[in-house]
Amino acid sequence: MRRRCSKTCGLFVLPATLLVLLTACETPGGGGGFGQLGVHQGDEEIWAINCLTLQGFQRLENAQAYAAALKKVAGLKPKLVQIISDADGTSVYYGRYRRIYGTDANDEPYRPDPRTDLETIRGLMMQLDGQNVWPFMLASMEMLPTFQSEHPEWNLKDATGYWALHVGVFYNTETLRSRRSAAEEYCRVLRNQGEEAYFHHGDVNSSVYVGTYPRGAVREARHENPFAGTVEVTRQIVSKPLQEAQKRFPFSLHNGHKFYEIIRDRHTGKVRERLPAPSFLVIVPRAQRELGRFEER
């Protein structure tokens with residue numbers, strides 16, 4: 001889930017050219033500077049209703065048939081029906097909605113309000129081989145997959161190695177609508193500085209990582225707690241390159257800001273400590289997939 005700066009964020013000052021991307025903030029020391037970041041056209045998130053996603057050889061023809069049926073539904077606008085194919089299949093989408101990011105994680109409505117459209121689409125019944133079916137009953141809000149990466153080779157999902165160091169995360173707010181561009185441009189800046197930087201775009205967050213390291217770069221120890229019935233895992237970095245990377249990048253920035261967790265005195269409520277969010281290790285997706293296959297055997 002996306003973490004908001006509802007606690008406290010330390011700000012970094014960025015070049016004036018960045019004002020279209022990030023709010024101004026205090027130039028960080030080593031491992032924190034962004035330099036000049038650009039903006040990808042069309043990066044602003046557009047949401048739509050994913051009516052259904054199809055697989056198989058005839059998925060395009062079937063999607064066209066479903067799209068044609070949607071265009072005839074009273075209350076829906078035919079021009080807002082579209083078909084998009086990607087690695088996950090061929091999907092039929094309806095509508096254009098902008099997500100309104102509020103201060104409450106549970107209060108993020110869309111404009112215009114999609115609830116009536118969702119209800120209409122989910123309730124549509126069709127005849128298939130003489131049977132009543134509701135093909136769109138699982139329709140849901142989804143971000144349109146329209147963003148095109150300029151450097152897909154920097155995507156962490158295809159990187160080799162086992163560990164990577166998480167050094168930043170970007171997420172859209174009312175003032176930042178280009179989180180994917182920001183993450184990829186930060187990778188570009190880091191790579192120009194000689195770092196092996198990667199990005200990963202999730203549904204809500206875009207993260208930035210530095211380096212890939214073998215599994216042996218970190219020593220893991222597992223400790224069973226018989227009283228709690230849990231297993232605790234401790235990690236110790238034993239790789240010098242990884243230790244040096246953590247020194248260069250001690251923090252995990254949020255939208256270009258140092259993010260602080262506020263520790264308050266439980267009796268007085270006064271601020272007792274401000275802890276900057278540290279950089280942290282993740283297992284790269286390819287290693288996760290291989291580990292999953294190994295565990296299934």
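Positions are given from 1, in the same order as the sequence printed here.
Transitive grouping of hydrophobic side chains (ILVMFWY, heavy atoms separated by less than 4.5 Å) keeps V282 and Y162 in distinct clusters. Cluster annotation: L124 and W134 are assigned to distinct hydrophobic clusters (Ile/Leu/Val/Met/Phe/Trp/Tyr, side-chain heavy-atom contacts under 4.5 Å, transitive). Residues Y209 and L190 do not share a hydrophobic cluster, defined by chaining ILVMFWY side chains whose heavy atoms lie under 4.5 Å apart. W154 and V284 fall into different hydrophobic clusters, defined by Ile, Leu, Val, Met, Phe, Trp and Tyr side-chain heavy atoms under 4.5 Å apart, directly or through other members. Clustering ILVMFWY residues whenever any of their side-chain heavy atoms sit less than 4.5 angstrom apart, transitively, puts I283 in a cluster other than the one holding F199.
Within a 6.0 Å radius of CE in M126, more than 12 heavy atoms belonging to other residues, nucleotides or ligands are found. The number of heavy-atom neighbours closer than 6.0 Å to CD of Q236, taken from other residues, nucleotides and ligands shown, is above 12. Taking a 6.0 Å sphere around CD of Q127, one finds it holds more than 12 heavy atoms contributed by other residues, nucleotides or ligands. Environment of CG in N192: crowded, with over 12 heavy atoms of neighbouring residues, nucleotides or ligands closer than 6.0 Å.
Contact of the S239 side chain with the V218 side chain is not registered, since no non-hydrogen atoms from C-beta on lie closer than 4.5 Å. The side-chain heavy atoms of C51 and L70, taken from C-beta on, include a pair separated by under 4.5 Å. A 4.5 Å side-chain heavy-atom check between V210 and F249 finds at least one atom pair inside the cut-off. The shortest side-chain heavy-atom distance between Y93 and I49 does not fall under the 4.5 Å cut-off. Taking the side chain as every heavy atom from C-beta outward, Y110 and R98 never approach each other to under 4.5 Å. Using a 4.5 Å cut-off on side-chain heavy atoms (C-beta onward), R180 and E185 make no contact. N225 has its side chain out of reach of V231: every pair of non-hydrogen atoms, C-beta onward, lies at least 4.5 Å apart. Between V208 and F170, some side-chain heavy-atom pair lies under the 4.5 Å cut-off.
Using a cutoff of 4.0 Å between basic side-chain nitrogens and carboxylate oxygens, E273 and R264 are not scored as salt-bridged. A salt bridge is absent between K247 and E244; no separation between the charged side-chain nitrogens and carboxylate oxygens falls under 4.0 Å.
Between the side chains of H201 and S206, at least one donor N or O sits under 3.5 Å from an acceptor N or O. If you check the side chains of S207 and H166, you find a donor sitting under 3.5 Å from an acceptor. In the model, N50 has a side-chain atom that pairs as donor or acceptor with a side-chain atom of T53 under 3.5 Å. At a cut-off of 3.5 Å, with distance as the only test, no side-chain donor of E184 or Y186 sits close to an acceptor on the other residue.
Between H254 and Y171, the two ring planes are perpendicular [angle over 60°; tilted spans 30° to 60°].
Proximity of a side-chain donor or acceptor of R274 to a complementary backbone N or O of I262 within less than 3.5 Å is not detected. Not one N or O on the side chain of D117 forms a donor-acceptor pair closer than 3.5 Å with the backbone of L76. In this structure, the side chain of N255 does not engage the main chain of H257 through any donor-acceptor pair within 3.5 Å. Remark: the backbone N or O of E119 is not paired with any side-chain donor or acceptor of R122 at under 3.5 angstrom.
To the nearest 0.5 Å, atoms CD (E61) and OG1 (T90) are separated by 9.0 Å.
For residues 212-226, the pairs satisfying salt bridge (charged side-chain N to carboxylate O under 4.0 Å, His left out) are E220-R235, with sequence neighbours left out.
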Item to complete: Please test E150 against R188 for salt bridge (Lys or Arg N to Asp or Glu O under 4.0 Å), starting from the C-alpha separation and ending with a verdict.
Response: CA-CA 10 Å; E150 292 187 4; R188 180 184 63 81; over 6 Å; no
Item to complete: Using the ring pair (Phe, Tyr, Trp, His ring centres under 6.0 Å) rule, take F136 and Y66 through it: C-alpha gap first, then chi angles, then the decisive distance, then the call.
Response: CA-CA 10 Å; F136 311 123; Y66 283 119; 5.6 Å; yes
